[in-house]
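Worksheet for the structure shown next.
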Amino acid sequence: MNIFEIYLKKITNILIEESKKGLIKIPENLDSINVDVAPEKFNCDISTNIAMVLSKLNESEPITLAKKLSEIIKKNDVNIDNIETVKPGFINIKFKQNFWNDFCKNIISSDRIYGKIENTQKNKYLVEFVSANPTGPLHVGHCRGAILGDVISNILKFNNHEVVKEYYVNDYGNQIKIFTKSVYLRIREILFKENFPTDNPDLYPGDYIIQIAKNIINENKNIDFSKFEPIADKLSLFSVEQSLNFVKSNLNSLGVKHDKFVRETDIINNKEVDKVVDFLRNKKFVYEGKIKAPESESNSDWVERKQLLFKSTDFGDDKDRALQKSDKTWTYFAGDVAYHNNKLSRKFHKLINILGSDHAGYIKRLNAVVEALSGNKNKLNCKVSQLVKLIKDGKPFKMSKRKGDYITVEDLISEVGKDATRFIMLSRSSDVELDFDFAKVKEKSKENPLYYVQYCYARICSVFRHVNIDIDDSIHIKNFNFKYSLNEIKILRKITEWPRCVQLSCDKLEPHRIPVYLYELASEFHSYWNLGKDNEALRFINKDKKISDEKISFLKSISIVIKNGMNILGVDTPKKM
RNA sequence: GCGCCUGUAGCUCAAUUGGAUAGAGCGCUUGGCUACGGACCAGGAGGUUCUGGGUUCAACUCCUAGCAGGCGCGCCA
């Protein structure tokens, strides 16, 4: 029940009817008309800008037109208690008590689905996220993207869409060769007491490689590790598998679970790259050619060579992109072209990729690929999660997987906790860099916004506990015939905004709106709660230790929104803290 | 040089996607607990929304030209 949407339709219909009668002129496109929340000082429930939008066409002052239109609107709606026109030409509407009774009744019966977008087509989404190289555990930088992708998926699911959460495993190419070599040398270190060359910049020095080496030795007692070449392929496979176990365990501790892991080697081995390149060649999107050197200062060692290129400039990219290396193996990009073709073949309505900011430069070519492959029928939606700036001991902490110097996800979760990590990482727009100060989050956990919201839910549970109601019980109220106070209506107004918060988060793929909203709602609740200290009449439980149906409906409504919001965020709502 | 992101209170960030007097938290400051849970609340100070131009009833938001910071830009993945 999105009241803004409902009234937008109502008002639009009224305008159309009036224009048919010739009483008012309306433009063909009514998109700029809206129904919104008004600033609090006006003490009204909804507000519309129609008079300002229509004033020019009707050659009338906005405020004059507003008066005329407000009378018409009031005549057409029984829920309206009062309607006012304000300064530039806004029309502000206040509802009768009946409206709020119906509203609460609706929320309580909707319960777990309150806020869901109504009347939308159910779509099949593919969300690809994390997709970090399988050469070791995740680090904190990956967490933001992991949580972002997970919650975007939750938002889509909440709105009844079907979602497949996917991880693309780049288990092919040079990095994997280096990684496998590193594992092998650690194995030799263990079995043959040869020192691992830690100063070699072409190897992975991290300690986790030792663990991987140990695991492989233990699980493969029958393998002869004395020579690399004969076991290279097998070792590569095992190493990636071990690495993925780390990754999965990291994701698990963040509360993130992918539905599917797609391996680049499978794509390559199934000849999907060959097929897709042939397809693109037939479409004249692939050719033999040369790329110009970048205009950077240090391009003195640039060698121009002829190679197989994808014509991504046809689709707005800055330059065409190489598909094949000089040794005739496929580039990473070629594999990704085939992978996106693979995605398209699975008939999703929408494809979403969550990328780290360091891969943002990749978006144009990916969009180009999907456009070329789908014949412009399907578009890829790429969402970038900006950097997480880790701060430790008051200083920025630089992490490097190559140097083996980084904070692991396990460190993070054991110090901060899953829920707090999720809530904090989600509470900022993904377009903005995030300061993550370990010490602050740890020491000042009481100031953590997560607890502020959870505390609100716990307080409601506490009230219910006093009158022997479990928050999870369904509420049965016979007659919704209450008179909510202004303080309560202020909170109910906030609750009317929940469906639109969900809608915006979903349309724009912007989860941060949800924690921000929940914090605001919690704030209004705490404020109301404290009124009960000065004025006993404003407490939920009266002197006889009873609670009225009105208060139950009010508290239950708030709890439903908090619960639904926190569920989407994948964060717990404890009954006691 | 080019592309993407960012620029809002001392600091960290919001802003109903073009709406009304731009809002929170932290910090600073003045108050409120014999409690339906103080992990809370009420008040105060703090702003030329990076700059210049444009679009319109209305611009933090859109267009344009700059400035500043971050990320990226080869057969790495």
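Nothing here was measured: the structure is a model prediction, and the numbers come from that model.
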Given Ser505(A), which of Asn159(A), Val516(A), Ile155(A) fulfils the side-chain contact (heavy atoms from CB on, under 4.5 Å) condition? Ile155(A)
What's Phe333(A) touching, base or sugar-phosphate or nothing? Going by heavy atoms closer than 4.0 Å. nothing
Looking for any heavy atom pair under 4.0 Å, which part of the strands does Ile363(A) touch: base, sugar-phosphate only, or nothing? nothing
Within residues 424-436 of chain A, residues whose heavy atoms come under 4.0 Å of RNA chain B: Arg428(A), Ser429(A), Asp431(A), Val432(A), Glu433(A), Asp435(A)
Looking at every strand, decide which applies to Lys545(A) at a 4.0 Å heavy-atom threshold: base, sugar-phosphate, or nothing. nothing
Among rC40(B), rC76(B), rA20(B), find the nucleotide with the atom closest to the side chain of Gln175(A). rC76(B)
Could you tell me whether Asn92(A) contacts a base, only the sugar-phosphate backbone, or nothing, with contacts defined as non-hydrogen atoms closer than 4.0 Å? base
rG19(B) base / Asp36(A) side chain donor-acceptor hit below 3.5 Å: no
Figure out the NZ/C1' separation between Lys494(A) and rG23(B), and round it to whole Å. 10 Å
Does His512(A) reach a base, just sugar-phosphate, or nothing at all? Heavy atoms under 4.0 Å. sugar-phosphate
Winner on side-chain proximity to Leu387(A), out of rG70(B), rA14(B), rC36(B), is rG70(B)
Lys325(A), NZ: over 12 other non-hydrogen atoms inside 6.0 angstrom: yes
Could a donor-acceptor pair under 3.5 angstrom be found where the side chain of Lys41(A) meets the base of rU21(B)? yes
Show the numbers, then the answer: is there a side chain to side chain contact (heavy atoms under 4.5 Å, CB included) between Leu309(A) and Lys311(A)? CA-CA 6 Å; Leu309(A) 300 174; Lys311(A) 217 165 179 220; over 6 Å; no
Please write out each protein N/O paired with an N/O of nucleotides 32-35 of chain B under 3.5 Å, distance rounded to 0.1 Å.
| from | atom 1 | to | atom 2 | distance (Å) |
| --- | --- | --- | --- | --- |
| rG32(B) | N2 | Asn530(A) | ND2 | 3.3 |

Which one, rA39(B), rA77(B), rC40(B), comes nearest to the side chain of Tyr451(A)? rA39(B)
Identify which one of Lys490(A), Arg493(A), Lys494(A) satisfies the salt bridge (charged side-chain N to carboxylate O under 4.0 Å, His left out) criterion when paired with Glu520(A). Lys494(A)
Is Trp529(A) stacked against the base of rC36(B), taking the criterion as centroid distance under 5.5 angstrom and interplanar angle under 30°? yes
Report yes or no: is there a donor-acceptor pair, N or O only, under 3.5 Å between the side chain of Ser47(A) and the base of rA20(B)? yes
Tell me, please, which residues at least two apart from Asn82(A) pass side chain to side chain contact (heavy atoms under 4.5 Å, CB included). Glu84(A), Lys94(A)
Between rU17(B) (C1') and Asn49(A) (CG): distance, integer Å: 13 Å
Compute whether any side-chain donor of one residue and acceptor of the other, for Asn353(A) and His340(A), lie under 3.5 angstrom apart. yes
Mind checking if Ser462(A) touches a base, just sugar-phosphate, or nothing, with heavy atoms under 4.0 Å? base
Assess the side chains of Ser47(A) and Asp36(A): does a donor N or O sit below 3.5 Å from an acceptor N or O? no
Show the numbers, then the answer: is there a side chain to side chain contact (heavy atoms under 4.5 Å, CB included) between Lys292(A) and Lys319(A)? CA-CA 8 Å; Lys292(A) 277 181 196 159; Lys319(A) 54 177 77 172; over 6 Å; no
May I ask you to decide whether Lys343(A) forms a salt bridge with Glu128(A), counting only side-chain N to carboxylate O separations under 4.0 Å? yes
Quick one: label Gly173(A) by what it contacts on the DNA or RNA (base, sugar-phosphate, nothing), any heavy atom closer than 4.0 Å. sugar-phosphate
What contact category does Val463(A) fall into here, base, sugar-phosphate, or nothing, at under 4.0 angstrom with non-hydrogen atoms? base
Which is true for Pro39(A) with a 4.0 Å heavy-atom rule: it touches a base, it touches only sugar-phosphate, or it touches nothing? base
In terms of ring plane angle, is the pair Phe540(A) and Tyr528(A) parallel, tilted or perpendicular, where the classes change at 30° and 60°? tilted
Under 4.0 Å, counting only non-hydrogen atoms across every strand here, what does Phe42(A) touch: a base, just sugar-phosphate, or nothing? base
